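Everything below concerns the one structure shown next.
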Protein chains: 2
Amino acid sequence: MSTEVTVLGQKAKKVAATLANLDSTAKNEALLRIADGLLANQERILAVNQAEVAKAKADGLKASLVERLMLNPDRIKAMVEGLREVVRLEDPVGTVEKMWRRPNGLEIGLLRVPLGVVAIIYEARPNVTVDAAALCLKTGNAVILRGGSEALQTNQVLVEVIRESLRKTTVPEDAVQLLASPEREAAVALMKMREYVDVLVPRGGAGLIKTVVSNALVPVIETGVGVCHTYVDASADLEQAIKIVVNAKTQRPSVCNALETLLVHQAIAAAFLPRCGEELRRAGTEIRGCPQTLLHLPWATAATEEDWATEYLDLILAVKVVPDFAAAVDHIAKYGSGHSECIITTDYATARKFLQVVDAAAVYVNASTRFTDGYEFGLGAELGISTQKLHARGPMGLSALTTTKYIIYGDGQIRQ
Amino acid sequence: MSTEVTVLGQKAKKVAATLANLDSTAKNEALLRIADGLLANQERILAVNQAEVAKAKADGLKASLVERLMLNPDRIKAMVEGLREVVRLEDPVGTVEKMWRRPNGLEIGLLRVPLGVVAIIYEARPNVTVDAAALCLKTGNAVILRGGSEALQTNQVLVEVIRESLRKTTVPEDAVQLLASPEREAAVALMKMREYVDVLVPRGGAGLIKTVVSNALVPVIETGVGVCHTYVDASADLEQAIKIVVNAKTQRPSVCNALETLLVHQAIAAAFLPRCGEELRRAGTEIRGCPQTLLHLPWATAATEEDWATEYLDLILAVKVVPDFAAAVDHIAKYGSGHSECIITTDYATARKFLQVVDAAAVYVNASTRFTDGYEFGLGAELGISTQKLHARGPMGLSALTTTKYIIYGDGQIRQ
């Protein structure tokens, strides 16, 4: 099994040099071929997926996970649309970011190049298989995919179709490989394969991220866990605050940029909480509040210490009344996951201060945290949202899948 | 001991928020205070260092390591000069790299901010203590330093002087802390302290890097190991090639950007090797060659497989004759450490191809690899040379010690 992983690594490393120097035209043609291949093989893919979904249901997989696993013609169409969107994005590879001449005549440039071999470990979501392959291909990286075991059959047929499509192009099919062994040891071997893997991106929940960080010897980009806060300042516009809070919590509660904890300045709590609470309740949201919150929302349940640190990914909201701005910022520093944090305020200095002092991938004034997303930020596609500080922070577009190398043009310079 | 580490981490984390929002003026004043402090306390520092050097000699420490450990008035002066140079560098923190407006009116900017808490583990080189503290301070990071145990007393007095100097400024003294416990477990605890450390930079030899990578749970930037190659192409200008090879190998063989393996196209070997070999021998260089090399340099010794992978850091050079360009590139891909690689050629297409296909932090045409260095590249000071691909690659200037956060200005935007 770790032999299987080694072979994948060797093959990926071997094609990485070829991929790194492909023209954008060749890469775009390959992406369009894959799009065509998915459409042409729709029945084949859906047949495999239906059998796998049936088995998952029989095995008692949670309905929400079955829902993610399931494909249908619309979802295949969305994959195909996604591929075509990636074709339209600008290829960052080959750009010389800057170039300068040194006093000794050396010309030094910073060339954007692929990372090399990217490994992606994710849950049972077949759309990630196609998305991740597309983003890696566009940036000239070889990719090793390792999806959740419940989606193994579906991932296998998707990767077969991708590789069959690549065989009709100049792009080597080993650009996209699937680690098919379902054993945990295979994934762990992948995390430790420093010789062949340049970066590992785990996409999934807190448990997956933790496993990867504990086991990995290759460099990791952590993604996704979002304990996001919105702080309603004493100076907030109440209508705006209600609209934003309800949107951030309820528009799509299952995603990492959804609001999890609402912080309210005590001076505005009496005016704000009953109205906002009512709107949230109407949208089906359960509230877990601090003692002061419960005074204003007697129907809410009492929050425990654990609530402040929880990413619910559900229609549940923790609410805390804070004495002042500093207490809100301290709470975020203590419990936040560094994803997306927001202040609602009409005060210039307070807004500015919040943007300065809050340490997170995305810091907002007067907008829903739900915007933290590659498409919404205008980066085009995204591979995930990094919550770490090294290399990429926030939504990861194509350039997060690249690095740079210095290129130096000399004519005989030696060091004195 | 791991309690000591935790306390350091907590203190560093606590001041990081303050440091992140200091004006450049305050940081520069602190740096100048430290420079003054080092000069004012020169006798005190040298007394401690002399005792430590005497002990190291008595303990039988290698002469080259004693040499690195030793301070004298000139070296203190160099530290002070280094601090003043860092003052003159532009502060990257606070720059908004770009800002754009989305169709919904959101204004999104990318703000450069400090990493937060930086830990640096290094060998018994007291100058790194001052260098690293200065670079971290300039970029608004809190730093936890962990130097080699042979230099512990010297590092302690240096950090005492730094902290005494900071007490006279607005910069909190916990911006610079030393992990004084010499136990290995303390260093390992530091490598695992995800709660408080944002990035760990090991500065030192292959052994140190390996220990850090195997043990660390915090993100690491690997630095320094350089198995650097120079490939003399069939089309090379012989005079230029000899000059560059001799410089890259002998000008300062103990550093990571020095040449370790020379690759020579077979068509030029007979013309090039005897002359270049003679110059190298005259400079005191031992040569370990492949069988074909030995035909041209009968006085050289035979290279073993191990030689191709060795970073000598000494006046020793491995030499291999290769049949063509592709063989040279393959050799570099197999044995190189991704640091600095060079081709000597007069052929346009060959030069271009080498720059494209060689995967390293710095790829040269017709110049000595000895230039891979923050000062020589014009970045100002450097913290080290990254040989990994994430976050920073090549010489790490001030911006390698920063990250970005998205700042988003809204006026009530919610997601549809």
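In what follows, chains carry the letters A, B, and so on, assigned in the order in which the sequence lines appear, proteins first and then strands, with residues in each chain numbered from 1. All figures in this text were calculated on a predicted structure; none of them were measured in a lab.
- Considering only heavy atoms from C-beta on, A/Lys389 stays 4.5 Å or farther from B/Thr404 through its side chain.
- A donor-acceptor distance shorter than 3.5 angstrom exists from the side chain of B/His391 to the backbone of A/His391, with no hydrogens or angles considered.
- Proximity to chain A at a heavy-atom threshold of 4.5 Å picks out B/Asn247, B/Gln251 from residues 247-256 of chain B, in numerical order.
- Between chain B and the residues A/Ala361, A/Gly394, A/Ser368, the most heavy-atom pairs under 4.5 angstrom are made by A/Ala361.
- Top candidate by heavy-atom pairs under 4.5 Å with chain A, chosen from B/Val220, B/Val246, B/Val358, is B/Val358.
- The closest side-chain heavy-atom distance from A/Ile108 to B/Phe371 is not below 4.5 Å.
- Salt-bridge formation is not detected for the pair A/Arg102/B/Glu376: no Lys NZ or Arg NE/NH1/NH2 atom is positioned less than 4.0 Å from an Asp or Glu carboxylate oxygen.
- Between A/Pro395 and B/Tyr406 the shortest heavy-atom distance is CD-CE1, 3.7 Å.
- In this structure, the side chains of B/Asp198 and A/Gln388 stay at 4.5 Å or more apart for every pair of heavy atoms.
- By number of non-hydrogen pairs under 4.5 angstrom with chain B, the leading residue of A/Asn366, A/Val357, A/Asp373 is A/Asn366.
- With chain B as the partner, the residue from A/Val213, A/Ile221, A/Val329 showing the most heavy-atom pairs under 4.5 Å is A/Val213.
- Of the listed residues (B/Asp237, B/Thr369, B/Leu115), the greatest number of heavy-atom pairs within a distance under 4.5 Å of chain A belongs to B/Leu115.
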Q: In sequence, state the C-alpha distance, the side-chain angles, and the governing distance for A/Val113 and B/Arg393, and then conclude on side-chain contact (heavy atoms from CB on, under 4.5 Å).
A: CA-CA 11 Å; A/Val113 294; B/Arg393 196 180 193 197; 3.8 Å; yes
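- Applying a 4.5 Å heavy-atom cutoff, the residues of residues 342-356 of chain A that approach chain B are A/Leu355, A/Gln356.
- Closest of all the heavy-atom pairs between B/Ala367 and A/Gly410 is CB-CA, 4.2 Å.
- Contact of the B/Val365 side chain with the A/Ile408 side chain is not registered, since no non-hydrogen atoms from C-beta on lie closer than 4.5 Å.
- Using a 4.5 Å heavy-atom cutoff, the side chains of A/Lys405 and B/Val363 are in contact.
- The shortest distance between side-chain heavy atoms of A/Val199 and B/Leu390 falls below 4.5 Å.
- Contacts of A/Asp330 with chain B are absent, with no heavy-atom separation under 4.5 Å from either backbone or side chain.
- Ranked by heavy-atom pairs under 4.5 Å with chain A, the first of B/Thr18, B/Asn104, B/Ile414 is B/Ile414.
- For A/Leu106, the part lying under 4.5 angstrom from a heavy atom of chain B is the side chain only.
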